[in-house]
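Quick note: residue numbers are just sequence positions, from 1. Values below: all heavy atoms of this structure, side chains included; hydrogens, waters and symmetry mates excluded.
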Amino acid sequence: MSSFLKPTGRITRRLYLVLFMIFYFTNILSLMLIWQSYHGEAWPIFFSFIIILIASIILLLIQAIKRLHDIGMDWKYALYLLIPPPVNFIGFIWLAYKPGEKGLNKYGPDPRKTDIV
């Protein structure tokens with residue numbers, strides 16, 4: 001399995017869905033804690049969770065790029081996922097639903113033969 005920090009290669013739908021649920025839950029939790037710390041004027045907590053939110057959004061986009069590679073599409077389509085909800089949520093679910101290309105494509109080998117999950 002390749003590193004989940006690099007936007008190169010391909011990942012399976014199952015691994016993408018697992019990572020999507022982890023990072024999307026982290027986003028929601030961070031947003032709730034940012035809102036709470038803003039109203040409580042707890043500025044260190046506020047800025048800490050903003051950093052966590054940005055990091056989880058970046059990691060989510062990296063996984064979406066890998067999933068787009070598995071489908072055979074370029075990374076530029078991941079920019080549509082920066083559109084606010086519900087459009088981005090629909091795009092992330094589409095990535096989990098769309099089957100990838102079988103065998104080798106220009107982005108790498110078939111991840112079903114190399115991924116653990």
If you define the side chain from C-beta out and look only at heavy atoms, does anything of P111 sit under 4.5 Å from D70?
yes

Could you check whether any side-chain heavy atom of L79 comes within less than 4.5 Å of a side-chain heavy atom of L82, counting everything from C-beta outward?
yes

Linked, directly or transitively: [X] and [Y] (ILVMFWY side chains, under 4.5 Å):
| X | Y | answer |
| --- | --- | --- |
| I22 | Y16 | yes |
| I90 | L19 | no |
| F47 | I45 | yes |
| I28 | V18 | yes |

Could you grab the distance from atom CD1 of I34 to atom CG of L29, nearest 0.5 Å is fine?
9.5 Å

To the nearest 0.5 Å, what is the distance between CG on L68 and CH2 on W75?
11.0 Å

Residues which pass side-chain hydrogen bond (donor to acceptor under 3.5 Å, both in side chains) with E101, listed by chain and number, not counting sequence neighbours:
N105

Only counting residues at least two apart or in another chain, list the ones meeting ring pair (Phe, Tyr, Trp, His ring centres under 6.0 Å) with [X].
| X | result |
| --- | --- |
| Y24 | F20, F89 |
| F23 | none |
| F49 | none |

Output all residues satisfying side-chain contact (heavy atoms from CB on, under 4.5 Å) with Y38, sequence neighbours left out; order by chain, then residue number.
W43, F46

By salt bridge (Lys or Arg N to Asp or Glu O under 4.0 Å), which residues pair with K76, not counting sequence neighbours?
D74

Sorted by first residue and then second, give each side-chain hydrogen bond (donor to acceptor under 3.5 Å, both in side chains) pair with at least one member in residues 83-100; sequence neighbours left out.
none

Taking the side chain from H69 and the backbone from Y107, do they hold a donor-acceptor pair closer than 3.5 Å?
no

Expected output: side-chain R10 to main-chain K66 donor-acceptor under 3.5 Å:
no

Quiz: residues 50-65 side-chain donor-acceptor pairs under 3.5 angstrom, not counting sequence neighbours:
| from | atom 1 | to | atom 2 | distance (Å) |
| --- | --- | --- | --- | --- |
| S56 | OG | N27 | OD1 | 2.2 |
| S56 | OG | I52 | O | 3.3 |
| S56 | OG | L53 | O | 2.9 |
| Q63 | NE2 | F4 | O | 2.6 |

